[in-house]
Amino acid sequence: VAAVSGLEVYDEEEEAWLRPELMARTHWEKEMEANDQDSTALSEKVITPDGEAMDLPWYSRYLVLMPGELMQLVTRNEVPAVVHRVVAVTNGNARLSCPVL
């Protein structure tokens, strides 16, 4: 997910727009509280394979995968494309995203 919230995915069953970044942040906060850690933290200390300590931003633990129209086409509609939108940021940092084909 991104540090800047804005992605919305439509849930047809619920007839509602979901925000993956906000869902991921809520998950992060609950996990931190369950481990008796600061749920307002923006990062966590991790140890790299080289044994170095580094701060890892909270959002780098989460990934959103959305099948697009190309996936729907090659699977002959077995995997439908995700209906989504990006809400523009009016103040603060802009979003940056890219498709991976």
Side-chain angles (χ1 to χ4, degrees):
V1 297
V4 179
S5 181
L7 173 66
E8 293 185 344
V9 178
Y10 190 68
D11 183 341
E12 293 180 12
E13 290 181 10
E14 296 292 323
E15 296 182 353
W17 289 95
L18 304 176
R19 299 192 77 175
E21 288 98 350
L22 297 180
M23 295 169 70
R25 181 63 193 190
T26 301
H27 181 269
W28 162 266
E29 291 171 355
K30 288 180 181 177
E31 186 176 326
M32 295 297 279
E33 288 173 1
N35 293 325
D36 294 324
Q37 296 178 5
D38 181 12
S39 64
T40 62
L42 298 178
S43 64
E44 67 178 325
K45 291 268 188 219
V46 296
I47 306 299
T48 66
D50 298 334
E52 296 180 44
M54 67 178 283
D55 283 329
L56 186 67
W58 75 267
Y59 54 85
S60 64
R61 299 177 69 198
Y62 302 93
L63 183 65
V64 175
L65 299 175
M66 299 184 308
E69 291 176 357
L70 181 60
M71 179 67 82
Q72 182 172 336
L73 180 66
V74 299
T75 63
R76 295 187 174 122
N77 296 325
E78 287 294 317
V79 178
V82 173
V83 176
H84 68 285
R85 65 185 180 191
V86 177
V87 179
V89 176
T90 56
N91 55 7
N93 297 328
R95 287 183 53 87
L96 177 64
S97 63
C98 66
V100 178
L101 303 176

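FYI, side chains are in, hydrogens and waters are out, and symmetry mates aren't considered; it's all heavy atoms of this structure.
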Can you list everything that forms a ring pair (Phe, Tyr, Trp, His ring centres under 6.0 Å) with His84? Sequence neighbours excluded, please.
none
Might you point out which heavy atoms bring Pro67 and Pro80 nearest each other, and give the distance in Å?
CG-O, 3.6 Å
side-chain contact (heavy atoms from CB on, under 4.5 Å) test vs Val82 passes for just one of Glu69, Met71, Gln72, Met66, namely Met66
If I take atom CZ from residue Arg61 and atom OG from residue Ser43, how far apart are they, to the nearest 0.5 angstrom?
11.5 Å
Are the side chains of Leu65 and Leu63 in contact, using a 4.5 Å heavy-atom criterion?
yes
Hey, any chance Val83 and Leu7 share a hydrophobic cluster, counting ILVMFWY side chains that come within less than 4.5 Å of each other, even indirectly?
no
Are Tyr62 and Met23 side-chain neighbours, meaning at least one heavy-atom pair lies under 4.5 Å?
no
Scan side-chain atoms only and decide if Asp50 and Thr48 contain a donor-acceptor pair under the 3.5 Å cut-off.
no
Residue pairs passing the side-chain hydrogen bond (donor to acceptor under 3.5 Å, both in side chains) test with at least one member in residues 7-17, sequence neighbours excluded, are Glu8-Arg85
Ser60 (side chain) donor-acceptor with Leu56 (main chain) under 3.5 angstrom:
no
Can you name the nearest heavy-atom pair linking Pro20 to Val64, along with the distance?
CB-CG2, 3.7 Å
Kindly indicate whether the side chain of Glu52, heavy atoms from C-beta on, has any atom under 4.5 Å from the side chain of Ile47.
no
So, are Glu29 and Arg25 salt-bridged, with charged N and O less than 4.0 Å apart?
yes
Test item: Asn35 side-chain N/O and Gln37 main-chain N/O as donor-acceptor pair under 3.5 Å
no
Under the side chain to side chain donor-acceptor pair (under 3.5 Å) test, which residues partner Ser39, sequence neighbours left out?
Glu33
Using a 4.5 Å cut-off on heavy atoms from C-beta on, say whether the side chain of Trp28 contacts that of Glu44.
yes
